[in-house]
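Here's the structure we're looking at; comments come further down.
Just so we're clear, the structure is a prediction, and the values are computed from it rather than from any experiment. Residue numbers start at 1 and run along the sequence shown.
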Amino acid sequence: MEKLKDYWIHMFESDQWNNDWWKRKKALLEERNASIVHIKGNGHLYRKIRYDQATHYNYHLHLSLLVKQQEQLYLEESVYPYTFQINQGEISDHRLIINKQPEIQQNISPDDIIGSDTSTRFSYDRHAAVQYAERWWNSYNPAYKKFEVDCTNYVSQCMFAGGAPMRGAPVRERGWWYGNGSWSFSWAVAHSLRWYLSGSTQGLRGEEVESAGDLLPGDIICYDFEGDGRWNHNTIVVAKDAYGMPLVNAHTDNSRNRYWSYEDSTAWTPEIKYKFFRIY
């Protein structure tokens with residue numbers, strides 16, 4: 001709608017943002033000696049609800065940022081869920097919708113997830129994993145269930161596309177697998193995949209490395225936003241910036257070529273912890 005379009009044009013032109021995530025994004029770009037060359041935004045209205053004598057609208061803002069860093073140009077894309085009301089013809093209560101992470105379904109330890117006695121070996125095809133990540137970063141493969149919090153399901157699909165072998169079915173607490181209308185906790189729960197990658201000794205394995213700069217496209221980053229031992233989020237590395245640091249794709253708040261540290265995320269806190277896994 002025109003009013004919403006005018007709202008965003010005014011915000012970008014005046015730079016009068018009250019969104020903490022945008023302030024942190026600009027600060028992060030400055031720290032990386034990067035700048036936004038061009039901004040493009042599109043909105044998709046997906047819900048209209050009438051209650052409390054007001055009409056509430058939910059929409060997705062697809063924001064595309066052309067970023068320049070040294071001589072490198074890349075396109076960062078993110079999809080943000082917003083809500084607003086129309087009162088007397090004017091936009092009000094316009095705010096970002098925060099997607100809450102689900103409770104951990106199972107407190108899984110490495111001993112629980114090692115699982116099968118298979119000795120399957122595989123060669124991880126990083127190019128295929130990244131191709132899949134690019135193909136589905138802002139859509140959903142109908143061959144899989146779509147989860148409300150979809151980050152780990154998406155990352156698991158990417159690794160499977162890279163040739164990672166499933167194992168452990170049908171026990172949900174064991175292995176890493178998807179099929180027959182079910183899946184392991186490690187396939188779809190961020191906390192469980194983090195422990196799987198550090199504990200598995202067969203099939204899909206993760207080798208923890210010291211820093212994000214040690215990662216390659218196709219590798220995985222795990223995030224504990226509050227630093228409390230509950231791992232909330234996973235991303236897949238798809239590229240490197242001009243300084244060799246990872247750019248990642250993710251689901252839930254769908255994003256592409258996002259800087260790995262997530263300092264511009266609404267979920268970020270100063271206590272954030274990371275795990276960096278080389279997949280092999």
State which residues pass salt bridge (charged side-chain N to carboxylate O under 4.0 Å, His left out) with K240; sequence neighbours excluded, sorted by chain then number.
none

From L96 CG over to L61 CG, what is the distance, rounded to the nearest 0.5 angstrom?
9.5 Å

S192 OG to E173 CD distance, which is reported to the nearest 0.5 Å
9.5 Å

Ring centers of H251, Y140 separated by less than 6.0 Å:
yes

Separation between NE2 (H62) and OG (S255), nearest 0.5 Å, reads 10.5 Å

Determine whether the aromatic ring centres of residues Y59 and Y46 are separated by less than 6.0 angstrom.
no

Is any side-chain heavy atom of W260 less than 4.5 Å from a side-chain heavy atom of Y274?
yes

Of all heavy-atom pairs linking P246 and G213, the shortest is CD-N, 4.4 Å

Less than 4.5 Å apart, side chain to side chain, heavy atoms only: is that true for Y262 and L28?
no

With a 4.5 Å cut-off on side-chain heavy atoms, are Y243 and N33 touching?
yes

Give a yes-or-no answer on whether the side chains of S200 and R167 include a donor-acceptor pair shorter than 3.5 Å.
yes

Single-linkage hydrophobic cluster, 4.5 Å side-chain cutoff, L4 and I39 together
yes

Please say yes or no: joined through hydrophobic side-chain contacts below 4.5 Å, possibly via intermediate residues, are L66 and L29 part of one cluster?
no

Any chance CD of E210 has more than 12 other-residue heavy atoms, nucleotides or ligands included, within less than 6.0 Å?
no

Given the rule in the side-chain hydrogen bond (donor to acceptor under 3.5 Å, both in side chains) test, do D241 and Q72 qualify, once you have shown the distances and angles that lead to the verdict?
CA-CA 8 Å; D241 72 4; Q72 179 177 331; over 6 Å; no

Between T83 and R95, is any pair of side-chain heavy atoms under 4.5 Å apart?
yes

Taking all non-hydrogen atoms of both residues, which atom of T269 and which atom of E226 are closest, and how far apart?
OG1-CA, 3.8 Å

Under a 4.0 Å threshold between the charged nitrogen and the carboxylate oxygen, would K25 count as salt-bridged to D264?
yes

Do other residues, nucleotides or ligands put more than 12 heavy atoms under 6.0 Å from the CZ atom of F276?
yes

List the steps, then state whether ring-ring contact (aromatic ring centres under 6.0 Å, His included) holds for H94 with W8.
CA-CA 11 Å; H94 184 254; W8 281 110; 5.5 Å; yes

Would you call L215 and I220 a side-chain contact if the rule is heavy atoms closer than 4.5 Å?
no

If you measure from CZ on F147 to OG1 on T252, what distance do you get to the nearest 0.5 Å?
11.0 Å

Test: R32 and E263 ion pair at under 4.0 Å:
no

Point-to-point distance, once rounded to the nearest 0.5 Å, from CG of L247 to OH of Y259:
8.5 Å

Give the cluster check for I36 versus L73: same hydrophobic cluster or not, with ILVMFWY residues linked at side-chain heavy-atom distances below 4.5 Å.
no

Does any donor atom in the side chain of Y132 or Q157 lie under 3.5 Å from an acceptor atom in the other side chain?
yes

Are L193 and M159 side-chain neighbours, meaning at least one heavy-atom pair lies under 4.5 Å?
yes

So which heavy atom on W177 is nearest to which on V171, and how close?
NE1-O, 3.1 Å

Does the distance from a Lys or Arg side-chain N to an Asp or Glu carboxylate O, for D219 and R278, drop under 4.0 Å?
yes

Less than 6.0 angstrom separating the ring centers of Y80 and W22, yes or no?
no

Atom of S261, atom of W268 and distance for their closest heavy-atom approach:
O-CD1, 4.1 Å

Taking atom types as modelled, is there a side-chain donor on S198 or R194 under 3.5 Å from an acceptor on the other?
yes

Is the distance between the ring centroids of Y144 and W136 under 6.0 Å?
no

Rounded to the nearest 0.5 Å, the CG atom of L65 sits from the NZ atom of K40 at a distance of 12.5 Å

Quick one: do L197 and L216 end up in the same hydrophobic cluster if we chain Ile, Leu, Val, Met, Phe, Trp and Tyr together by side-chain heavy atoms under 4.5 Å apart?
no

Would you say S156 and W176 are linked by a side-chain donor-acceptor pair, where the criterion is simply a distance under 3.5 Å?
yes

Looking at side-chain heavy atoms only, is the closest gap between S211 and D214 below 4.5 Å?
yes

Given side chains that start at C-beta, do those of T235 and R258 come closer than 4.5 Å, heavy atoms only?
no

